[in-house]
Amino acid sequence: MNDTPKWRSDIFETHSPWIKSARITIAAPSKIIFDILANPYRHQDLDGSSTIRNALSGPNRLQLGSKFSMAMHLGIDYRITNTVVEFRENEVIAWRHLGRWRWRYELTALSANETLVTETFDASKAPAISKWWLIFRKAMPWTQIAVAKTLVNLKVLAEGK
């Protein structure tokens with residue numbers, strides 16, 4: 001018997017081929033969720049794409065301007081360095097790498113112990129070469145699924161299940 005919870009995040013239309021988003025309600029305060037997101041050493045636990053191998057460098061807690069590097073694998077092993085480009089404690093955190101793709105998490109407290117979390121992968125401001133790479137890899141449909149899975153993983157972690 002499989003004891004894995006069967007939660008789903010809600011994928012929603014962004015009206016842009018370069019932006020993929022999903023949201024999920026998590027039964028935890030925004031601070032607990034934000035603390036997980038702000039720790040790059042927890043990102044492998046969240047990763048719905050299964051491409052993150054581990055954090056290689058960075059602070060234990062991210063803040064605006066923080067840089068952190070991850071060991072990755074997508075067909076080949078590689079390393080990527082991200083920079084935090086948006087940060088509002090317990091509300092918003094976003095980072096991007098050299099390709100200018102942005103991962104953004106927005107937390108909206110619904111009550112003291114319930115939070116709506118929206119994750120957005122945004123490549124709309126990426127340079128043409130980065131967009132070409134996403135097209136070449138046929139990445140956008142796969143990215144949408146990864147975003148949705150990441151939110152489910154975050155829910156499991158934040159709710160302690």
> Spell out, yes or no, whether Ile80 and Leu98 are grouped together once hydrophobic residues are joined by side-chain heavy atoms under 4.5 Å, including indirect joins.
no
> Just checking Arg61: does its CZ atom have more than 12 heavy atoms from other residues, nucleotides or ligands closer to it than 6.0 angstrom?
yes
> Could you see if Leu157 belongs to whatever hydrophobic cluster contains Leu37? Use Ile, Leu, Val, Met, Phe, Trp, Tyr and a side-chain cutoff under 4.5 Å.
yes
> Ignoring hydrogens and angles, state whether a donor on the side chain of Asn113 or Ser111 is under 3.5 Å from an acceptor on the partner side chain.
no
> Within this structure, what is the NZ-CZ distance for the pair Lys125 and Arg96, rounded to the nearest 0.5 Å?
11.5 Å
> For Gly48, does its backbone N or O pair with a side-chain atom of Thr150 as donor and acceptor, under 3.5 Å?
yes
> Answer yes if Val147 and Trp18 sit in the same cluster of Ile, Leu, Val, Met, Phe, Trp and Tyr residues linked by side chain heavy atoms under 4.5 Å apart, and no otherwise.
yes
> So, Thr120 and Asp122: side-chain donor and acceptor under 3.5 Å apart, yes or no?
no
> Under 4.5 Å between side-chain heavy atoms, hopping through other hydrophobics if needed: is there a path connecting Trp101 to Trp142?
yes
> Hey, does the side chain of Thr14 reach the backbone of Ser16 with a donor-acceptor pair shorter than 3.5 angstrom?
yes
> Nearest 0.5 Å please: distance from the CD atom of Gln144 over to the CZ atom of Phe12.
8.5 Å
> Take Ser30 and Thr115 through the test side-chain hydrogen bond (donor to acceptor under 3.5 Å, both in side chains) and record every step on the way to the result.
CA-CA 6 Å; Ser30 58; Thr115 307; 4.7 Å; no
> Would Thr25 and Leu110 count as a side-chain contact (heavy atoms from CB on, under 4.5 Å) here? Give the steps.
CA-CA 9 Å; Thr25 300; Leu110 301 175; 3.9 Å; yes
> Minimum heavy-atom separation for Arg53 and Ser50, please, with both atom names.
NH1-O, 3.3 Å
> Measure the CG-CE distance between Asn54 and Met72 for me, rounded to the nearest 0.5 Å.
10.5 Å
> Compare all side-chain heavy atoms of Ser124 with those of Arg100 and state whether any distance is below 4.5 angstrom.
no
> Say you draw a straight line from NZ of Lys20 to CD1 of Ile145; how long is it, rounded to the nearest 0.5 Å?
10.5 Å
> Please walk me through it: do Lys67 and Thr83 pass side-chain hydrogen bond (donor to acceptor under 3.5 Å, both in side chains)?
CA-CA 4 Å; Lys67 294 188 182 305; Thr83 303; 3.0 Å; yes
> Taking the side chain from Ser130 and the backbone from Ala126, do they hold a donor-acceptor pair closer than 3.5 Å?
no
> Would you check, one step at a time, whether the test side-chain contact (heavy atoms from CB on, under 4.5 Å) holds for Thr108 with Glu91?
CA-CA 7 Å; Thr108 304; Glu91 294 177 9; over 6 Å; no
> Look at the side chain of Ser9 and the backbone N and O of Leu151, then say whether any donor-acceptor pair between them is shorter than 3.5 Å.
no
> Just so I know, are the side chains of Phe87 and Trp95 near enough to count as touching, which here means a heavy-atom distance under 4.5 Å?
no
> Please work out which of the three classes, parallel, tilted or perpendicular, describes the rings of Trp103 and Phe121, given edges at 30° and 60°.
perpendicular
> For Ile33, does its backbone N or O pair with a side-chain atom of Tyr105 as donor and acceptor, under 3.5 Å?
no
> Give the minimum heavy-atom separation between Ala158 and Ala28, together with the two atoms involved.
O-CB, 3.8 Å
> Looking only at heavy atoms, which two atoms of Thr81 and His97 are closest? And how far apart?
O-CB, 3.2 Å
> Taking side chain as C-beta onward, heavy atoms only, is Leu62 less than 4.5 Å from Phe68?
yes
> Side-chain contact test, heavy atoms from C-beta onward, threshold under 4.5 Å: evaluate it for Arg23 versus Val117 and give yes or no.
no
> How many angstroms lie between atom CG of Asp45 and atom CD1 of Ile36, to the nearest 0.5 angstrom?
9.0 Å
> Checking the side chain of Glu86 only, and the main-chain atoms of Ala94 only, is there a donor and an acceptor separated by less than 3.5 Å?
no
> Considering non-hydrogen atoms only, spot the tightest contact between Met70 and His43 and give its length.
CE-CB, 3.5 Å
> I'd like to know if the side chain of Glu119 reaches the main chain of Ala148, judged simply by a donor and an acceptor atom lying under 3.5 Å from each other, with no hydrogens or angles considered.
no
> Please name the pair of heavy atoms, one in Tyr41 and one in Ala55, separated by the smallest distance, quoted to 0.1 Å.
CD2-CB, 3.4 Å
> How long is the gap from CD1 on Ile24 to CD1 on Ile26, to the nearest 0.5 Å?
6.0 Å
> How are the rings of Trp132 and Phe136 set to each other: parallel, tilted or perpendicular (split at 30° and 60°)?
parallel
> Identify the residue among Ile52, Thr51, Asn153 that makes a side-chain contact (heavy atoms from CB on, under 4.5 Å) with Gln44.
Ile52
> Should Val85 and Ile19 be counted in the same cluster of Ile, Leu, Val, Met, Phe, Trp and Tyr side chains packed under 4.5 Å apart?
no
